[in-house]
Amino acid sequence: MQFSHNFCFENKARDSLIRIWSTMAIFRRGASIAKRKTLLAIFLMTLFMLILYLNAGEQRESLRLCSEGILDGSQYTKQTNGHFLSVNQQRPCQLRQYTTEDTVSCLDRLSTIKNDPSADVKPRNKFHIAFAGDSRIRIQYLSFLKLIPDYDRDSKMDPTAKHKDADMVSPMFGDLLISFRWRPLIAGKVIDDLIRWIDILDKGIKQRKNSSDYPPDVLIIGMASWDMLQQEGDDHLWYQNGVQGLVPLLQKLMFHSKDVITAKSSDVRDRKIIWLNQYTTFDFFADNGGANRVIYKEKLQHYNQIARQIFRGSGITVWDSGDAIAEEAVRACKLHHRYERVKDFMSVAYINCKDYIHAGYVALRQMTQLLYNDVCNNQSAEN
């Protein structure tokens, strides 16, 4: 895609240079000195811009894909050239704009890595990506599915349903399984899920067909808002204790075949676990039962800080790089209320500026690109 874009630009720039040069030739005789100078200045400026663009294109082509720190907002540093720079990487890299074709290639690779292609084992073990949490996780799940073709998709979900589990199975794409578990509370059913997954691994139970009960290979998890509402937003210690209680279970799931302490130091994981921090809210008081008088930006930031401190050094990835996108979306809403209609995506409340806590589709689409880059780029780099 990038080569095609550069190629089109080069052709247009070349044609512009030819036209300007031809015009200069026409005015070469009989043209005033001032007119000649003006045409020469335009020609040189066009040539200069073309050289700059081609040099930037070569630099983009030579940059490797980012493979770490993509979801971690603290890893980002400001770059004048627009490239992403991870503190750990020490040199610039580029993020990929994932298309449906890129997604298929990524998921096929992940499935192949999990299943030895030389072994004729049937049925294959499904590559399971699980989302567990509240409605913010649910809309992230729905956005994630948007880049997966529906050739043979078997979905058990209603895009507008609330407070329900959902599964998506695709046998064609390496027996892919993507599930959502409605788990809004820090000390609720999510504890039961983690214990059950660890027990399945301990006992070596084989994966059952189309079963989302089997431990996920990638787990995206996050919750806080409902705990704020149930605790009336005042007891952050409840949330802190809840997150601390999740850490040993998440680590045991993530490093199941290894010693947790040794595995953390070597950064080797059996599974990838991502904790989604809370996004910036659209703070205004509307007819929503007064919920946003309990849930608002400063309080969410406090809860995010608690989660980041607890997960530091645990091997669990904290995803908060998308908050910069959410904050810009909130700022745009305050300047101009808009309506983002996306067919069969989510209820009306989630796609306009009247929703004070859920990101709109445009912002979600960019956040989903960050997630795909994090999950897929390592495999792309290796290939």
Side-chain angles (χ1 to χ4, degrees), residues 71 126 128-145 156-157 161-168 177-203 205 207-208 211-231 233 235-256 260 269-279 295 300 303-312 314-320 322 357-358 371 375:
L71 301 183
K126 296 185 184 301
H128 183 192
I129 302 175
F131 292 74
D134 53 20
S135 55
R136 295 180 322 105
I137 294 287
R138 181 176 67 243
I139 60 176
Q140 198 70 67
Y141 164 76
L142 294 171
S143 180
F144 190 84
L145 293 182
K156 297 178 181 178
M157 60 174 291
K162 297 181 179 180
H163 309 171
K164 291 184 178 180
D165 297 348
D167 292 334
M168 191 286 291
L177 170 62
I178 304 180
S179 66
F180 167 72
R181 292 293 165 265
W182 170 250
R183 305 293 185 261
L185 298 175
I186 197 73
K189 290 183 179 179
V190 68
I191 299 290
D192 299 331
D193 292 331
L194 294 172
I195 292 174
R196 183 176 65 258
W197 288 336
I198 293 169
D199 185 59
I200 289 174
L201 293 173
D202 287 341
K203 295 178 179 177
I205 299 174
Q207 190 175 32
R208 294 185 294 273
S211 176
S212 57
D213 287 335
Y214 198 79
D217 299 281
V218 179
L219 173 62
I220 300 97
I221 182 174
M223 62 279 292
S225 302
W226 280 63
D227 285 283
M228 288 184 179
L229 292 174
Q230 293 212 352
Q231 300 298 319
D235 191 358
H236 68 271
L237 293 178
W238 167 267
Y239 183 76
Q240 179 175 314
N241 292 334
V243 175
Q244 287 174 336
L246 289 179
V247 172
L249 293 173
L250 292 172
Q251 285 184 326
K252 193 167 184 180
L253 177 65
M254 183 166 48
F255 302 116
H256 184 265
V260 172
R269 301 170 176 82
D270 294 318
R271 288 164 183 79
K272 186 177 187 66
I273 297 181
I274 299 168
W275 178 271
L276 177 62
N277 260 346
Q278 305 292 303
Y279 292 139
I295 304 172
L300 286 174
Y303 277 57
N304 286 344
Q305 185 179 12
I306 289 173
R308 177 170 283 282
Q309 289 174 346
I310 292 174
F311 288 129
R312 183 177 293 123
S314 66
I316 297 164
T317 300
V318 176
W319 181 9
D320 57 7
I357 194 171
H358 300 96
L371 181 57
V375 171

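Predicted, not measured: the structure shown is a model, and the values here were computed from it. FYI, side chains are in, hydrogens and waters are out, and symmetry mates aren't considered; it's all heavy atoms of this structure.
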- Message: Return the CD1 to CG distance between Ile186 and Leu246, rounded to the nearest 0.5 Å.
- Response: 4.5 Å
- Message: Suppose we screen for salt bridge (Lys or Arg N to Asp or Glu O under 4.0 Å). Which residues come up paired with Arg271, at least two apart in sequence or across chains?
- Response: none
- Query: Is there a side-chain contact between Met223 and Ile137 (heavy atoms, below 4.5 Å)?
  - Reply: no
- Return yes if some donor-acceptor pair links the side-chain N/O of His128 with the main-chain N/O of Tyr214 below 3.5 Å, else return no. yes
- Message: As an exercise, state the distance from OH of Tyr239 to CH2 of Trp226, rounded to the nearest 0.5 Å.
- Response: 15.5 Å
- Query: Looking only at heavy atoms, which two atoms of Trp275 and Ala307 are closest? And how far apart?
  - Reply: NE1-CB, 3.7 Å
- Walk me through it: do Asp199 and Lys203 pass the test salt bridge (charged side-chain N to carboxylate O under 4.0 Å, His left out)? CA-CA 6 Å; Asp199 185 59; Lys203 295 178 179 177; 3.2 Å; yes
- Query: Hey, does the side chain of Gln251 reach the backbone of Gly315 with a donor-acceptor pair shorter than 3.5 angstrom?
  - Reply: no
- Query: How long is the span from the CD1 atom in Ile274 to the OG1 atom in Thr317, to the nearest 0.5 Å?
  - Reply: 6.0 Å
- Looking at side-chain heavy atoms only, is the closest gap between Leu201 and Asp270 below 4.5 Å? no
- Note on the structure: Sorted by chain and number, sequence neighbours left out, ring-ring contact (aromatic ring centres under 6.0 Å, His included) with Trp197 holds for none
- Option from Arg196, Lys126, Arg181 for which salt bridge (charged side-chain N to carboxylate O under 4.0 Å, His left out) with Asp213 holds: Arg196
- Should Asn304 and Arg308 count as side-chain neighbours, where that means a heavy-atom distance under 4.5 Å? no
- Item | Side chains of Tyr303 and Val243 in contact at under 4.5 Å (non-hydrogen atoms) | no
- Is the shortest heavy-atom distance from the side chain of Arg183 to the side chain of Ile221 under 4.5 Å? no
- Message: Could you report the tightest heavy-atom contact between Ile273 and Leu250, atom names first, then the distance?
- Response: CD1-O, 3.2 Å
- Item | Closest approach of Trp319 to Gln140 (non-hydrogen atoms, all atoms of both residues) | CH2-CD, 3.8 Å
- Message: Return the CZ to NZ distance between Arg138 and Lys164, rounded to the nearest 0.5 Å.
- Response: 11.0 Å
- Task: For the residue pair Asp227 and Leu185, establish whether any side-chain heavy-atom pair is separated by less than 4.5 Å.
- Result: yes
- Can you measure from CH2 (Trp182) to CG (Asp134) and round to the nearest 0.5 angstrom? 6.0 Å
- Message: With a 3.5 Å distance limit and no angle check, can you tell me whether Arg136 reaches the backbone of Asn277 through a side-chain donor-acceptor pair?
- Response: yes
- Residues two or more places apart in sequence or in another chain: which of them pass ring-ring contact (aromatic ring centres under 6.0 Å, His included) with Phe131? Tyr141, Phe144
- Counting only N and O atoms by type, is there a donor-acceptor contact under 3.5 Å from the side chain of Asn241 to the main-chain atoms of Leu237? yes
